[in-house]
Each structure stands twice: as structure tokens, then as C-alpha cells.
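Contents: one structure, followed by commentary.
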Amino acid sequence: MSAPPRLRSGMVVPLATVTAMSENNQTQHLNFQAEVQQLLNILAHSLYSDREVFLRELLSNASDALHRIQFESLTNRDVRDADTELSIHIAIDNEAGTITIEDTGIGMTQEELVQNLGTIAHSGVREFAKKLEAEKREGLIGNFGVGFYSAFVIADDVTVTSLSYRPEAQPAQWHSTGDGTFDVGPGQREKRGTVIRLKVKEDAREFLNESRLSTIIRKHSSFITFPLYVGTQRINEDQGALWRREPRELKPENYTEFYQQLTFDFQDPLTQAHIATESPVDLHALLFVPSSRTSIERGDEQKGKIKLFSRRILIREDASDLLPQHFRFISGIVDSDDIPLSVSRESAQTGPVITKLKTVLNSRVRKALTDLAANDAEKYGQFWREFGVFLKEGIARDPSTVSDLAPLLRFDSSQVTDKLISLSEYKAAMPEDQKEILYLFGQNIEGLRQSPHLEGAGAGRNVLLMGDVVDAFMLVSLREFEGLKLTSLEDGEADAKSGSDENAAALAPLIALAKEALGDQVSDVRATTKLQNHPVRLVNSVKGGAAAMERAYRMLGRDYPASPKVLEINATHPIIQKLADGGKSPDQAALIKDVIEQLHAHAQLQDGVQTSPNAMISRIERLITAALAHTAG
């Protein structure tokens, strides 16, 4: 059995200790780290409805070990037991109450047992332990993938005996009862590979049944490519590599079963791309789009996993870099005869073949998502809610992706409230006299629907509403679509309307007071007829993406110098008209300045800009006092 690729136990073992252990050839009694002791305690003493997950995890590890020796044998002639059949055998001993799982894989030395079964290799161990403690435990373990230590869900005594493929290696043994410690030392084994012996708990004796184990294997592990035996009966079908078969031979349930076994995700995938091509590169691939972000959570990361094969031989366990970062949620298998088997696992990452693979895979994933959007809008909506932010991030990170990813974008909009729309749909519905794609960026969609910016330029026109922080960074790169410029309503130039000379003259005293009251808080104050129901609004003096970036950084809580905006006042609004009349009286100037400052603060709040609460409270109190005095008078 090779190093388990999922959550492993852990302890800190100094290199000197490992070396001494090998030289002395003695059994060592070692302690797990505190976090792993906590995890083992949970696994050992909690009951789960899906305890059968232990078999799925251990068989996956055994399959990985077989893939590794298969690859090693192709590049290394000096391999122990080179002619041994690559297989997995499961045996039950009802009298002893044990299950043994044996593979003829790459095997492990004593040092590797410590490293692979006693070292933290998953950054999410603490998080997973916390989840198990804090959340309902039923079903959680089956969706996380706990690797080798899932054995303790059904066993209270686990022994691992292994013999490495290296001719000079000696057999080694690892043993633990899940009590926070383990022993490691010399073992007894003559064949290459690994055997795991599980002493089954009394309340888990249902698994001491060949039929029960066979059912679990058919459910979770039937697509393992190596022969898998329970007793003397082979359980998994010899159907070859699924990704090498013709799509017309497969049914939807074949894809679903394979996806679930590949990813340990019990949900169905949203869609898949089954690729078979010989030009410009030989490629057989099966890529899946998961149904939720929780399906790809790995500690602090959210990413899928792509296994890279050459001629059905696994050469890289995780080759997720075959796809760009914005498609990191994809999981699957990539297989190419054009990758030479003589290349090392580590170096199979660059070169002309890999470059071609990346190009084809990127194109096919985009096509799969385009087809999903065209054929199943509901599923694509689900995809967008879960993974749309990844595509926005892709555009923000790399402007060269705009033409590829822009057609996949979806947005809320001011006039279409029952679904998200694409840029193509927006363009097709534009009035003939509209020459720009209008958008509005803010803190949340519902707030944007009440924005004064939707008046005037937005009146009678659909406006894209963007409420994610990442939208602001995306807009720096996404400046146009199919020849149409993206224009923010906050820029104040998307509408041909403007304040008339007559309005400007009538409001001149009020505008002068406003400029005096607001000072350098604004770059200008001007009259407008663009507004209808709101007395004022703030428009950008800095245009387009730069203004959105300012707000994005503020939303992230970062200090960012804000450019003063232009305060537009609605000449026809009753409040403004009252202020204009009052502005003719010098003794009303102080009160009018307070009202103007308060209206400015309201506009800032509508735009998601925080103002000084103390200053606002004091101002409101003065206005209330003035209102009460007027009422009393």
C-alpha cells in the first residue's frame, strides 16, 4: 500500500529518530499529534450510518499502490517480485473477527510507514475534527474522505504489514489500537505489497460477511482497474478504463458511479466532458463538473483533482494544473499515449505535449459549460451560483481570458428578476438607441435595485447588477463585449439628459451653499433632471473600473483613497425646491447646510460608503430640534 492520498494521521518524528529506528531494527512506541488523537477518538467511538466508507477508502489506497508499482516497473528493472499479479484480495476470518485487505502494490519500508501513517499530510485535519465535533456526525465522514484512518470506524485494532518493492528493503509492521499511539518495527512478509488486518468491533460484525463487502465494493469501488477479490470471487468487472470507452457505450449512471468513486462525492455531477481525440494530441479524458463547492473542499482549499495517465498508467496523482486556475473545481481523468512513460512523475508537467493537452482540455471544458447553459438553464444556474465566482476571478487575474469566459458569465439585472442573464441576452434585448452595456456595482443586489442611479439613464433600460467584490476586479479587464462598452451608471454620462440652464440658475444660491458646506468631500455640485424620486445622487469623477475598485477595497475593509464624487441634485424634487426657497434667506443658511450634508450622507450610504456616525447623529439631532421648533412656532 502506498502513501494514502487523503487525510492521514500525524506526529512529529525527527529525522534522527527515523534513522535510528532503521539502524536498530527495533519496534518503536510513538505518539500521535494532539489533533490526530482527537480525530482517532472520534472515529473510534462514534457510530455512523455510512461506516462502510472504510472499505472504499482502503481499497482506493490499495489501488494507488498498484498504480505506483505499475509505473515503477516500466522505468525500473530492479523491482522485487516483478512478475507478481497486480491485484487486491480481501479475506474474512469470522472466528478471529478480522478482515484483511492485501495488495501487491509498491509496499512501504519501516521509515515510510512512519511517514505515511504517522505524518500530517492534509491541511484540513483540524477543520475536519472540528466539524465532526460541532456538526451532526451522521453522513459527514462519508463526504470528507478520511483515508487510512477510516479503518477505526469499524476496527479497534489495526495492523499494517508491508514489504517495499526495493530489493534491499526489509518487511515492516505498523500497529495501533486508535488510543493515540502506534508501534512500528520489523514485520513478517515475503511478498511485495501491503496487508491491512482489521480486528472488527463487536458492533460492526455485520462486515464479517463476504456478501456485505461485495455489495459495498460494487457500490463504491467497482471501477478499480485491478482485479479485486473477496475470498476467491472477483467482484469488480473487467471493463477497462472507462475514459477509454466510446461515449455511446455508456449510460448516465455509468458516469455518475465513476464520478462518485473517483471523488468520494455522493452527489451527482452537474455534467461531464468525455473527450477522445487524436489531433492535435492523443487524448482520452473524462472531466466532471461537481454540483457544489462542498464537493471540492480540501481543508482551506476548494479544488478538484485530475489524475494524469499515460497509456492507462497513472503518472501523476494530482495534475490539476492541466486546467487554468478558474477551472480548478474540475475533477477527472486525463490519459494520453503521447506522454512518454519514461518521464518521471515530477517532470511530467511541461513540454509540448502537456501544452497541447492544456489547450484541448481548456477548450472542451468551456464547450461542456456552454452546452450545459444551452440545454439546461436550471442546472447552469446551479453551476453559476456555486462556481461563477471562479470564472469572474479568471477574468480578473488574466485579461486574455475575457473572450473565452465572457459568454459564460451570468448577471442579475434591474428588469429581469426571475433569472440571471448572459451578456448575449442583454445585448439582444437592447433598444436600438442604446450603445452601451449599463451596469451598477454595489454591496448587494437588493440594495442596488433601490439605487437612485437606476433613474434617468437606467429608466426604461435594463441594467446589470453586480454585488460581489470580485466583480470590481473583473471589471478592470471586462471593459467591452462584442464591441459594446461596459458603462457604469455611476459615471453620470450614460444618459443624454442634463440639468437645464434655467434649473441651474434657479438653484445657483443652493449650489453655492452646498459647495461651501461639503467642501472637498465632493468634486462638484450640479443640478440635474436625471433623477425622479430621489433628491440627490453621487456620480463618479473617476470613471469606470477605477471607481469600482475603490468601492471593492472599501468592501474588503482596506484603506483606499476615495476620489471625491460629484453631487447631483434633483431640481424637481420637493426637498430641493424647499431648500432653494430657504436659501434666499441668510438666517436659514446653517440649517440648509445641515440638510445638504445629511442628504450627502444618505447618498453615501446608498452607495455603500460608511460615514461618521457621530457626525451624522449630531446633525440629525440639530435637524430634529429645528423641526420641533418650527412645529411649536
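Residue numbers run from 1 in the order of the sequence given. Treat the numbers as computed from the prediction; the structure is a model and nothing was measured.
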Just wondering, more than 12 heavy atoms not from Asp520 lying within 6.0 Å of its CG? no
Considering all heavy atoms, the nearest Gln382-Ser291 contact: NE2-O, 3.2 Å
Quick one: are the ring centres of Tyr255 and Phe258 less than 6.0 Å apart? no
Check Tyr426 against Leu464 and note the closest heavy-atom contact, atom names and distance. CD1-CD2, 3.6 Å
Phe411 versus Leu423: any side-chain heavy-atom pair under 4.5 Å? yes
Could I get the full list of side chain to side chain contact (heavy atoms under 4.5 Å, CB included) partners for Arg449, not counting sequence neighbours? Asp412, Thr417, Ile445, Glu446, Leu465
Trp243 side, atom CH2; His284 side, atom NE2 - distance, nearest 0.5 Å: 11.0 Å
Is there a donor-acceptor contact under 3.5 Å from the side chain of Arg364 to the main chain of Leu361? no
Can you tell whether the side chains of Asp433 and Arg461 come within less than 4.0 Å, N to carboxylate O? yes
Would you say the side chain of Val360 lies within less than 4.5 Å of the side chain of Pro280, judging by non-hydrogen atoms? yes
Within-4.5 Å side-chain heavy-atom neighbours: Val539 and Thr528: no
State, without any angle test, whether His602 and Gln606 hold a side-chain donor-acceptor pair at a distance under 3.5 Å. no
For the CG atom of Leu538 and the CD atom of Gln604, what is their distance to the nearest 0.5 Å? 6.5 Å
Among Asp524, Ile596, Leu567, which residue satisfies the side-chain contact (heavy atoms from CB on, under 4.5 Å) criterion with Lys515? Asp524
Contact check, side chains of Phe473 and Glu393, non-hydrogen atoms, under 4.5 Å: no
From Glu425 CD over to Leu420 CG, what is the distance, rounded to the nearest 0.5 angstrom? 9.5 Å
Between atom CZ of Phe288 and atom CG of Leu270, what is the distance when rounded to the nearest 0.5 Å? 12.0 Å
Working note: Lys367 + Asp371, criterion side-chain contact (heavy atoms from CB on, under 4.5 Å); need CA distance, chi angles, decisive distance, verdict. CA-CA 6 Å; Lys367 182 179 184 303; Asp371 290 346; 2.8 Å; yes
Under the 3.5 angstrom rule, does the side chain of Ser413 hit a backbone N or O of Asn462 as a donor-acceptor pair? no
Is it the case that atom CD in Glu253 sees more than 12 heavy atoms from other parts of the structure closer than 6.0 Å? yes
Restricting to non-hydrogen atoms, name the atom on Met430 and the atom on Gln434 that form the minimum distance, rounded to 0.1 Å. CE-O, 3.0 Å
Which residue, His534, Lys530, Gln532, Arg537, forms the side-chain hydrogen bond (donor to acceptor under 3.5 Å, both in side chains) with Glu455? His534
Would you name the heavy atoms of Leu531 and Thr572 that are closest together and state the gap between them? O-OG1, 4.5 Å
Candidate pair Val334 and Ile275, rule side-chain contact (heavy atoms from CB on, under 4.5 Å), full reasoning: CA-CA 9 Å; Val334 174; Ile275 307 166; over 6 Å; no
Where do Ile569 and Leu507 come nearest, in terms of heavy atoms and distance? CD1-CD1, 4.0 Å
Measure the CG-CE distance between Leu486 and Met466 for me, rounded to the nearest 0.5 Å. 5.5 Å
With Lys356 via side-chain hydrogen bond (donor to acceptor under 3.5 Å, both in side chains) - residues at least two apart: none
Side-chain contact, heavy-atom cut-off 4.5 Å: Glu516 with Lys593? yes
Is there a donor-acceptor pair under 3.5 Å between the side chain of Asp468 and the backbone N or O of Val470? no
Under 3.5 Å, side chain of Thr359 to main-chain N/O of Thr355, donor-acceptor pair present? yes
Gap between atom CG of Asn570 and atom CD of Glu568 - 0.5 Å precision: 10.0 Å
Can you give me every donor-acceptor pair (side chain of residues 477-485, partner residue at least two apart or in another chain, under 3.5 Å) with its distance?
| from | atom 1 | to | atom 2 | distance (Å) |
| --- | --- | --- | --- | --- |
| Ser477 | OG | Ile395 | O | 3.1 |
| Arg479 | NE | Val476 | O | 2.8 |
| Glu482 | OE1 | Lys427 | NZ | 3.0 |

Fit a plane to each ring of Phe329 and Phe390, take the angle between them on a 0 to 90° scale, and name the class: parallel (under 30°), tilted (30 to 60°) or perpendicular (over 60°). perpendicular
Would you indicate whether the side-chain heavy atoms of Thr256 and Pro269 approach each other to under 4.5 Å? yes
Carboxylate-amine/guanidinium contact Glu597 Arg622, below 4.0 Å: no
Apply side-chain contact (heavy atoms from CB on, under 4.5 Å) to the pair Arg328 and Leu323, showing each step before the final yes or no. CA-CA 7 Å; Arg328 63 185 179 274; Leu323 286 172; over 6 Å; no
Quick check: closest heavy atoms across Trp384 and Lys392, and the distance to 0.1 Å? CZ2-CE, 3.6 Å
Backbone N/O of Asp282 and side chain of Ser336: donor-acceptor pair under 3.5 Å: yes
Side chains of Lys307 and Asp335, heavy atoms from C-beta outward: is any pair under 4.5 Å? no
Compute whether any side-chain donor of one residue and acceptor of the other, for Ser424 and Ser422, lie under 3.5 angstrom apart. no
Could you check if a side-chain atom of Leu286 sits within less than 4.5 angstrom of a side-chain atom of His274, using non-hydrogen atoms only? yes
Kindly determine whether Met616 and Leu605 satisfy side-chain contact (heavy atoms from CB on, under 4.5 Å), including the steps that lead there. CA-CA 11 Å; Met616 182 180 290; Leu605 289 173; 3.8 Å; yes
Can you check whether Gly447's main-chain N or O pairs, donor with acceptor, with Asn444's side chain at less than 3.5 Å? yes
Verify, without hydrogens or angle tests, whether Tyr259 (side chain) and Ser331 (backbone) share a donor-acceptor contact under 3.5 angstrom. no
Do side-chain atoms of Asp404 reach the backbone of Thr401 as a donor and acceptor pair under 3.5 angstrom? no
